[in-house]
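Scroll down for the structure; my scribbles are underneath it.
As the structure is a computational prediction, the values presented were derived from the model and not from experiment. Hydrogens, waters and symmetry mates play no part in the numbers below; they use all other heavy atoms, side chains included.
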There are 2 protein chains.
Amino acid sequence: MFSKACEYGIRASMYIALQSLEGKRVSLKEIAEEIDSPVAFTAKILQQLSRNKIVDSVKGSAGGFQIEKEQIKKIKLSEIVYAIDGDNVYVGCGLGLKKCNANKPCPVHDKFVAIRDNLKNMLESASLQEMTEGLEVGTTYLKR
Amino acid sequence: MFSKACEYGIRASMYIALQSLEGKRVSLKEIAEEIDSPVAFTAKILQQLSRNKIVDSVKGSAGGFQIEKEQIKKIKLSEIVYAIDGDNVYVGCGLGLKKCNANKPCPVHDKFVAIRDNLKNMLESASLQEMTEGLEVGTTYLKR
DNA sequence: AGAAATTCGGATAAATTTATCCTGTTTATG
DNA sequence: CATAAACAGGATAAATTTATCCGAATTTCT
(Lines give C-alpha, C1' and ligand atoms only; values in the text may rest on other atoms or scores of the structure.)
Protein backbone atom coordinates (compact mmCIF):
# COMPACT_ATOMS: atom_id res chain seq x y z
CA MET A 1 0.00 0.00 0.00
CA PHE A 2 2.59 2.52 1.16
CA SER A 3 6.34 2.47 0.70
CA LYS A 4 8.54 1.48 3.61
CA ALA A 5 9.69 5.08 3.76
CA CYS A 6 6.11 6.17 4.17
CA GLU A 7 5.38 3.60 6.84
CA TYR A 8 8.36 4.76 8.85
CA GLY A 9 7.38 8.35 8.24
CA ILE A 10 3.89 7.86 9.59
CA ARG A 11 5.06 5.93 12.61
CA ALA A 12 7.79 8.48 13.34
CA SER A 13 5.30 11.33 13.11
CA MET A 14 2.97 9.56 15.50
CA TYR A 15 5.75 9.00 18.00
CA ILE A 16 6.97 12.57 17.79
CA ALA A 17 3.39 13.79 18.24
CA LEU A 18 2.91 11.56 21.23
CA GLN A 19 6.01 12.92 22.95
CA SER A 20 5.39 16.49 21.89
CA LEU A 21 2.06 16.39 23.71
CA GLU A 22 4.11 15.69 26.84
CA GLY A 23 6.33 18.63 26.02
CA LYS A 24 9.22 16.37 25.09
CA ARG A 25 11.50 16.80 22.11
CA VAL A 26 12.87 13.50 20.81
CA SER A 27 16.09 12.49 19.09
CA LEU A 28 16.43 10.50 15.91
CA LYS A 29 17.96 7.67 17.89
CA GLU A 30 15.03 7.49 20.27
CA ILE A 31 12.51 7.64 17.44
CA ALA A 32 14.16 4.79 15.55
CA GLU A 33 14.23 2.68 18.69
CA GLU A 34 10.64 3.35 19.58
CA ILE A 35 9.21 2.68 16.15
CA ASP A 36 11.72 -0.09 15.35
CA SER A 37 13.13 1.41 12.16
CA PRO A 38 16.63 1.68 10.67
CA VAL A 39 18.26 4.79 12.13
CA ALA A 40 19.97 6.27 9.09
CA PHE A 41 17.03 5.64 6.80
CA THR A 42 14.69 7.19 9.32
CA ALA A 43 16.95 10.23 9.36
CA LYS A 44 16.38 10.72 5.64
CA ILE A 45 12.65 10.47 6.05
CA LEU A 46 12.63 12.94 8.93
CA GLN A 47 14.53 15.35 6.72
CA GLN A 48 11.75 15.11 4.18
CA LEU A 49 9.10 15.61 6.82
CA SER A 50 11.00 18.57 8.18
CA ARG A 51 11.33 20.20 4.75
CA ASN A 52 7.61 19.70 4.30
CA LYS A 53 6.87 21.36 7.64
CA ILE A 54 5.29 18.24 9.06
CA VAL A 55 7.80 18.11 11.91
CA ASP A 56 10.09 20.73 13.41
CA SER A 57 13.73 19.81 13.73
CA VAL A 58 16.11 21.50 16.13
CA LYS A 59 19.84 21.12 15.61
CA GLY A 60 22.51 20.92 18.22
CA SER A 61 22.84 19.41 21.64
CA ALA A 62 19.41 18.90 23.21
CA GLY A 63 18.03 19.18 19.70
CA GLY A 64 15.68 16.73 18.10
CA PHE A 65 12.24 16.58 16.58
CA GLN A 66 8.91 17.90 17.74
CA ILE A 67 5.51 18.96 16.47
CA GLU A 68 3.63 21.93 17.84
CA LYS A 69 0.45 21.04 19.68
CA GLU A 70 -1.68 23.08 17.35
CA GLN A 71 -0.15 21.24 14.42
CA ILE A 72 -0.80 17.85 15.96
CA LYS A 73 -4.48 18.65 15.81
CA LYS A 74 -4.30 19.87 12.25
CA ILE A 75 -1.94 17.45 10.51
CA LYS A 76 -3.72 14.63 8.72
CA LEU A 77 -2.16 11.36 7.66
CA SER A 78 -2.76 12.35 4.07
CA GLU A 79 -0.22 15.16 4.41
CA ILE A 80 2.44 12.79 5.66
CA VAL A 81 1.76 10.31 2.90
CA TYR A 82 1.84 13.08 0.34
CA ALA A 83 5.13 14.45 1.65
CA ILE A 84 6.82 11.07 1.22
CA ASP A 85 5.01 9.08 -1.47
CA GLY A 86 3.53 11.98 -3.40
CA ASP A 87 0.13 11.47 -4.95
CA ASN A 88 0.80 7.91 -6.09
CA VAL A 89 -1.77 6.58 -3.69
CA TYR A 90 -4.58 8.79 -4.91
CA VAL A 91 -3.86 9.27 -8.56
CA GLY A 92 -3.03 6.60 -11.07
CA CYS A 93 -4.81 3.64 -12.51
CA GLY A 94 -5.15 0.40 -10.58
CA LEU A 95 -3.94 -1.49 -13.63
CA GLY A 96 -1.11 0.91 -14.41
CA LEU A 97 -2.59 2.66 -17.43
CA LYS A 98 -1.18 6.12 -17.94
CA LYS A 99 -4.34 7.75 -19.17
CA CYS A 100 -7.13 5.94 -17.42
CA ASN A 101 -10.10 8.11 -16.55
CA ALA A 102 -13.86 8.05 -16.44
CA ASN A 103 -13.90 8.75 -20.16
CA LYS A 104 -11.61 5.94 -21.24
CA PRO A 105 -11.45 3.72 -18.18
CA CYS A 106 -9.74 0.43 -17.55
CA PRO A 107 -12.05 -2.46 -16.70
CA VAL A 108 -11.72 -1.89 -12.96
CA HIS A 109 -11.69 1.88 -13.00
CA ASP A 110 -14.92 2.52 -11.13
CA LYS A 111 -14.29 -0.13 -8.55
CA PHE A 112 -10.82 1.16 -7.86
CA VAL A 113 -11.92 4.74 -7.64
CA ALA A 114 -14.44 3.74 -5.01
CA ILE A 115 -11.82 2.03 -2.89
CA ARG A 116 -9.28 4.75 -3.36
CA ASP A 117 -11.79 7.35 -2.32
CA ASN A 118 -12.33 5.43 0.87
CA LEU A 119 -8.62 5.40 1.51
CA LYS A 120 -8.30 9.04 0.64
CA ASN A 121 -11.16 10.02 2.93
CA MET A 122 -9.71 7.98 5.70
CA LEU A 123 -6.27 9.57 5.38
CA GLU A 124 -7.71 13.05 5.06
CA SER A 125 -9.81 12.70 8.15
CA ALA A 126 -7.31 10.96 10.44
CA SER A 127 -5.35 13.54 12.42
CA LEU A 128 -2.14 12.92 14.30
CA GLN A 129 -4.03 13.99 17.40
CA GLU A 130 -6.53 11.20 16.94
CA MET A 131 -3.74 8.69 16.34
CA THR A 132 -1.97 9.55 19.58
CA GLU A 133 -5.03 8.89 21.69
CA GLY A 134 -4.74 5.12 21.62
CA LEU A 135 -0.99 5.33 22.08
CA GLU A 136 -1.41 7.40 25.23
CA VAL A 137 -3.70 4.92 26.90
CA GLY A 138 -1.81 1.90 25.61
CA THR A 139 -4.47 0.43 23.35
CA THR A 140 -2.44 0.91 20.17
CA TYR A 141 1.24 0.36 19.34
CA LEU A 142 3.97 1.62 17.06
CA LYS A 143 6.15 -1.46 17.08
CA ARG A 144 5.87 -5.25 17.22
CA MET B 1 -1.33 -0.81 -4.84
CA PHE B 2 -0.17 -3.74 -6.98
CA SER B 3 3.26 -4.45 -8.37
CA LYS B 4 3.95 -3.78 -12.05
CA ALA B 5 4.12 -7.53 -12.55
CA CYS B 6 0.64 -7.86 -11.13
CA GLU B 7 -0.73 -5.04 -13.24
CA TYR B 8 0.61 -6.65 -16.39
CA GLY B 9 -0.67 -10.02 -15.21
CA ILE B 10 -4.20 -8.75 -14.73
CA ARG B 11 -4.24 -6.93 -18.04
CA ALA B 12 -2.78 -9.93 -19.86
CA SER B 13 -5.38 -12.24 -18.33
CA MET B 14 -8.14 -9.90 -19.39
CA TYR B 15 -6.85 -9.76 -22.93
CA ILE B 16 -6.43 -13.51 -23.17
CA ALA B 17 -9.94 -13.97 -21.80
CA LEU B 18 -11.35 -11.52 -24.31
CA GLN B 19 -9.76 -13.38 -27.22
CA SER B 20 -10.53 -16.80 -25.83
CA LEU B 21 -14.20 -15.93 -25.83
CA GLU B 22 -13.80 -15.48 -29.58
CA GLY B 23 -12.11 -18.85 -29.78
CA LYS B 24 -8.73 -17.27 -30.46
CA ARG B 25 -5.44 -18.32 -28.94
CA VAL B 26 -2.99 -15.43 -28.60
CA SER B 27 0.78 -15.20 -28.67
CA LEU B 28 3.00 -13.49 -26.14
CA LYS B 29 3.93 -10.92 -28.75
CA GLU B 30 0.32 -10.04 -29.45
CA ILE B 31 -0.52 -9.83 -25.77
CA ALA B 32 2.37 -7.50 -25.02
CA GLU B 33 1.37 -5.28 -27.91
CA GLU B 34 -2.27 -5.16 -26.95
CA ILE B 35 -1.73 -4.39 -23.29
CA ASP B 36 1.34 -2.23 -23.92
CA SER B 37 3.77 -4.16 -21.71
CA PRO B 38 7.43 -5.21 -22.07
CA VAL B 39 7.49 -8.48 -23.99
CA ALA B 40 10.11 -10.46 -22.08
CA PHE B 41 8.82 -9.38 -18.70
CA THR B 42 5.31 -10.27 -19.70
CA ALA B 43 6.59 -13.71 -20.67
CA LYS B 44 7.79 -14.29 -17.12
CA ILE B 45 4.46 -13.27 -15.71
CA LEU B 46 2.56 -15.51 -18.10
CA GLN B 47 4.74 -18.38 -16.97
CA GLN B 48 3.65 -17.74 -13.43
CA LEU B 49 0.03 -17.55 -14.43
CA SER B 50 0.42 -20.74 -16.41
CA ARG B 51 1.99 -22.60 -13.47
CA ASN B 52 -0.87 -21.38 -11.32
CA LYS B 53 -3.44 -22.65 -13.81
CA ILE B 54 -4.83 -19.21 -14.45
CA VAL B 55 -4.02 -19.43 -18.14
CA ASP B 56 -3.29 -22.38 -20.44
CA SER B 57 -0.16 -22.20 -22.52
CA VAL B 58 0.41 -24.17 -25.70
CA LYS B 59 3.93 -24.51 -27.04
CA GLY B 60 5.05 -24.64 -30.60
CA SER B 61 4.01 -23.01 -33.80
CA ALA B 62 0.42 -21.79 -33.62
CA GLY B 63 0.80 -22.06 -29.86
CA GLY B 64 0.05 -19.30 -27.43
CA PHE B 65 -2.13 -18.56 -24.45
CA GLN B 66 -5.81 -19.12 -23.81
CA ILE B 67 -8.32 -19.56 -21.01
CA GLU B 68 -11.19 -21.99 -21.17
CA LYS B 69 -14.60 -20.38 -21.29
CA GLU B 70 -15.73 -22.07 -18.13
CA GLN B 71 -12.65 -20.73 -16.38
CA ILE B 72 -13.25 -17.22 -17.60
CA LYS B 73 -16.49 -17.26 -15.65
CA LYS B 74 -14.87 -18.68 -12.55
CA ILE B 75 -11.54 -16.90 -12.27
CA LYS B 76 -11.63 -13.87 -10.01
CA LEU B 77 -9.13 -11.04 -9.98
CA SER B 78 -8.13 -12.09 -6.48
CA GLU B 79 -6.69 -15.34 -7.87
CA ILE B 80 -4.53 -13.49 -10.35
CA VAL B 81 -3.30 -11.09 -7.73
CA TYR B 82 -2.56 -13.95 -5.39
CA ALA B 83 -0.64 -15.88 -8.05
CA ILE B 84 1.68 -12.94 -8.63
CA ASP B 85 1.83 -10.78 -5.52
CA GLY B 86 0.89 -13.41 -2.95
CA ASP B 87 -1.16 -12.30 0.00
CA ASN B 88 0.69 -9.01 0.48
CA VAL B 89 -2.39 -7.06 -0.45
CA TYR B 90 -4.65 -8.71 2.08
CA VAL B 91 -2.38 -9.52 4.97
CA GLY B 92 0.05 -7.19 6.63
CA CYS B 93 -0.19 -4.01 8.62
CA GLY B 94 -0.75 -0.69 6.91
CA LEU B 95 2.12 0.78 8.92
CA GLY B 96 4.42 -2.19 8.38
CA LEU B 97 4.25 -3.74 11.84
CA LYS B 98 5.01 -7.45 11.79
CA LYS B 99 2.57 -8.47 14.46
CA CYS B 100 -0.28 -6.04 14.17
CA ASN B 101 -3.68 -7.51 14.94
CA ALA B 102 -6.94 -6.67 16.67
CA ASN B 103 -5.34 -7.52 19.98
CA LYS B 104 -2.30 -5.30 19.66
CA PRO B 105 -3.18 -3.01 16.80
CA CYS B 106 -1.35 -0.11 15.22
CA PRO B 107 -3.15 3.24 15.44
CA VAL B 108 -4.78 2.78 12.04
CA HIS B 109 -5.49 -0.93 12.24
CA ASP B 110 -9.29 -0.80 12.18
CA LYS B 111 -9.44 1.80 9.48
CA PHE B 112 -7.07 -0.15 7.28
CA VAL B 113 -8.85 -3.41 7.80
CA ALA B 114 -12.04 -1.78 6.65
CA ILE B 115 -10.46 -0.53 3.45
CA ARG B 116 -8.62 -3.74 2.76
CA ASP B 117 -11.79 -5.70 3.20
CA ASN B 118 -13.38 -3.54 0.55
CA LEU B 119 -10.50 -4.24 -1.78
CA LYS B 120 -10.56 -7.92 -0.99
CA ASN B 121 -14.29 -8.16 -1.59
CA MET B 122 -13.97 -6.32 -4.83
CA LEU B 123 -11.19 -8.59 -6.09
CA GLU B 124 -12.97 -11.72 -4.95
CA SER B 125 -16.18 -10.79 -6.68
CA ALA B 126 -14.77 -9.46 -9.95
CA SER B 127 -14.57 -12.27 -12.51
CA LEU B 128 -12.60 -12.21 -15.73
CA GLN B 129 -15.93 -12.71 -17.49
CA GLU B 130 -17.26 -9.50 -16.00
CA MET B 131 -14.11 -7.65 -16.96
CA THR B 132 -14.31 -8.65 -20.60
CA GLU B 133 -17.79 -7.27 -21.01
CA GLY B 134 -16.74 -3.67 -21.28
CA LEU B 135 -13.80 -4.57 -23.47
CA GLU B 136 -16.08 -6.35 -25.93
CA VAL B 137 -18.34 -3.37 -26.41
CA GLY B 138 -15.50 -0.86 -26.31
CA THR B 139 -16.39 0.98 -23.14
CA THR B 140 -13.23 -0.07 -21.31
CA TYR B 141 -9.59 -0.32 -22.38
CA LEU B 142 -6.40 -2.23 -21.63
CA LYS B 143 -3.94 0.35 -22.84
CA ARG B 144 -3.51 4.13 -23.08
C1' DA C 1 12.83 -34.26 -42.40
C1' DG C 2 13.52 -29.42 -42.15
C1' DA C 3 12.06 -24.82 -41.17
C1' DA C 4 9.40 -21.64 -38.69
C1' DA C 5 6.79 -20.14 -34.78
C1' DT C 6 6.26 -20.36 -30.32
C1' DT C 7 6.72 -21.07 -25.04
C1' DC C 8 10.19 -22.24 -21.16
C1' DG C 9 13.74 -21.29 -18.19
C1' DG C 10 18.21 -19.74 -16.77
C1' DA C 11 21.46 -15.92 -16.67
C1' DT C 12 22.10 -11.27 -16.58
C1' DA C 13 21.32 -6.28 -16.57
C1' DA C 14 18.98 -1.93 -15.37
C1' DA C 15 16.23 0.76 -12.34
C1' DT C 16 14.29 1.71 -8.07
C1' DT C 17 13.85 1.37 -3.23
C1' DT C 18 15.85 0.58 1.04
C1' DA C 19 19.64 1.22 3.93
C1' DT C 20 24.32 2.66 5.62
C1' DC C 21 28.35 5.65 6.35
C1' DC C 22 30.84 9.67 6.86
C1' DT C 23 31.74 14.55 7.11
C1' DG C 24 30.04 18.99 8.17
C1' DT C 25 27.28 22.23 10.83
C1' DT C 26 24.68 23.79 14.74
C1' DT C 27 23.85 24.49 19.56
C1' DA C 28 23.53 23.68 24.68
C1' DT C 29 26.38 23.22 28.48
C1' DG C 30 30.10 22.90 31.62
C1' DC D 1 35.70 28.31 24.50
C1' DA D 2 35.99 23.45 24.14
C1' DT D 3 33.29 19.51 23.98
C1' DA D 4 29.66 16.66 23.22
C1' DA D 5 25.09 15.88 21.34
C1' DA D 6 22.39 16.27 17.68
C1' DC D 7 20.57 17.13 12.73
C1' DA D 8 21.86 17.86 7.43
C1' DG D 9 23.33 16.18 3.34
C1' DG D 10 26.23 13.82 0.02
C1' DA D 11 28.17 9.44 -1.41
C1' DT D 12 27.76 4.78 -1.48
C1' DA D 13 26.05 0.05 -0.86
C1' DA D 14 22.62 -3.65 -0.56
C1' DA D 15 18.27 -5.54 -1.75
C1' DT D 16 14.36 -5.86 -4.52
C1' DT D 17 11.77 -5.16 -8.58
C1' DT D 18 11.61 -4.54 -13.32
C1' DA D 19 13.34 -5.80 -17.63
C1' DT D 20 16.22 -8.07 -21.31
C1' DC D 21 18.68 -11.80 -23.75
C1' DC D 22 19.49 -16.20 -25.40
C1' DG D 23 19.57 -21.12 -26.00
C1' DA D 24 16.55 -25.18 -25.54
C1' DA D 25 12.34 -27.59 -26.15
C1' DT D 26 7.93 -28.16 -28.47
C1' DT D 27 4.72 -28.14 -32.13
C1' DT D 28 2.85 -27.03 -36.77
C1' DC D 29 3.36 -26.81 -41.54
C1' DT D 30 5.44 -27.62 -45.92
Side-chain angles (χ1 to χ4, degrees), chain A residues 1-13 15-16 19 24-67 81 84-86 88-89 92 95-96 98, chain B residues 1-13 15-16 19 24-33 35-67 81 83-86 88-89 92 95-96 98:
Chain A
M1 194 84 93
F2 302 134
S3 67
K4 278 282 167 201
C6 197
E7 290 175 0
Y8 297 148
I10 295 172
R11 274 150 61 198
S13 300
Y15 182 72
I16 297 167
Q19 296 304 318
K24 294 179 193 158
R25 181 183 292 163
V26 288
S27 72
L28 164 65
K29 198 182 154 213
E30 177 180 342
I31 295 167
E33 270 164 15
E34 294 299 325
I35 70 171
D36 193 25
S37 68
V39 179
F41 191 44
T42 306
K44 295 294 183 204
I45 298 158
L46 287 170
Q47 276 179 47
Q48 278 187 269
L49 292 177
S50 173
R51 284 193 213 105
N52 283 278
K53 316 277 187 199
I54 308 284
V55 306
D56 300 326
S57 84
V58 179
K59 286 185 182 177
S61 181
F65 298 89
Q66 65 193 33
I67 307 177
V81 172
I84 299 175
D85 278 354
N88 299 332
V89 186
L95 299 187
K98 276 153 200 157
Chain B
M1 195 84 93
F2 303 133
S3 66
K4 278 283 167 201
C6 197
E7 290 175 359
Y8 297 147
I10 295 172
R11 274 151 60 197
S13 300
Y15 182 71
I16 297 168
Q19 297 303 317
K24 294 180 193 158
R25 183 184 290 161
V26 286
S27 71
L28 164 64
K29 199 182 154 213
E30 177 180 341
I31 296 167
E33 268 164 17
I35 70 170
D36 194 25
S37 67
V39 179
F41 191 44
T42 305
K44 294 296 183 202
I45 297 158
L46 287 170
Q47 277 180 45
Q48 276 186 270
L49 293 177
S50 173
R51 286 193 211 103
N52 284 277
K53 317 276 187 201
I54 308 282
V55 306
D56 300 326
S57 81
V58 179
K59 286 186 185 177
S61 182
F65 298 89
Q66 65 193 35
I67 307 177
V81 172
I84 299 175
D85 278 354
N88 299 331
V89 186
L95 299 187
K98 274 154 202 155

- Which heavy-atom pair separates A/L46 from A/V55 by the least distance, and what is that distance? O-CG2, 4.1 Å
- Whole-Å distance, B/F2 CZ to D/dT17 C1', equals 17 Å
- Task: Might you point out which heavy atoms bring B/I54 and B/S13 nearest each other, and give the distance in Å?
- Result: CG2-OG, 4.3 Å
- Task: Taking all non-hydrogen atoms of both residues into account, name the closest pair between B/T42 and B/A32 and its distance.
- Result: OG1-CB, 4.4 Å
Set out, line by line, the N/O atom pairs under 3.5 Å between protein and nucleotides 1-6 of chain D.
| residue | atom | partner | partner atom | Å |
| --- | --- | --- | --- | --- |
| D/dA5 | N3 | A/S61 | N | 3.1 |

- Item | Close approaches to DNA chain D from residues 38-55 of chain B, in residue order (heavy atom, under 4.0 Å) | B/P38, B/A40, B/F41, B/K44
- With respect to the phosphate group of D/dA19, does any side-chain polar atom (N or O) of B/Y8 fall under 4.0 Å of OP1 or OP2? yes
- Query: Once you build an axis from the first five pairs and another from the last five of the helix from C/dA1-D/dT30 to C/dG30-D/dC1, how far apart in angle are they, to 10 degrees?
  - Reply: 0°
- Task: Could you tell me the separation between the CD1 atom of A/I31 and the C1' atom of D/dA8, rounded to a whole number of Å?
- Result: 14 Å
- Looking at CD1 of B/I84 and NZ of B/K4, how far apart are the two atoms once the value is rounded to the nearest 0.5 Å? 13.5 Å
- Could you state the CZ-C1' distance from A/R25 to C/dT26, rounded to the nearest angstrom? 13 Å
- Message: Whole angstroms only, please: what is the NZ-P distance between B/K4 and C/dT17?
- Response: 11 Å
- Would you say B/E30 and B/Y15 make side-chain contact, with heavy atoms under 4.5 Å? yes
- Message: Distance check needed: C/dT17 C1' versus B/N88 CG, whole Å only.
- Response: 15 Å
- Heavy-atom donor-acceptor pair, B/N52 side chain to B/Q48 backbone, under 3.5 Å: yes
- Message: Output the rounded distance in Å from CG (A/D56) to C1' (C/dT26).
- Response: 16 Å
- Indicate the atoms forming the closest heavy-atom contact of A/S3 with A/D85, along with that distance. OG-OD1, 2.7 Å
- Query: What are the two closest heavy atoms between A/I35 and A/Y8, and how far apart are they?
  - Reply: CD1-O, 3.7 Å
- Note on the structure: Between the CD atom in B/E33 and the OG atom in B/S27, the distance rounded to the nearest 0.5 Å is 7.5 Å
- Looking at side-chain heavy atoms only, is the closest gap between B/Q47 and B/R51 below 4.5 Å? yes
- Message: What's the separation between atom NZ in B/K24 and atom CD1 in B/I16, rounded to the nearest 0.5 Å?
- Response: 14.5 Å
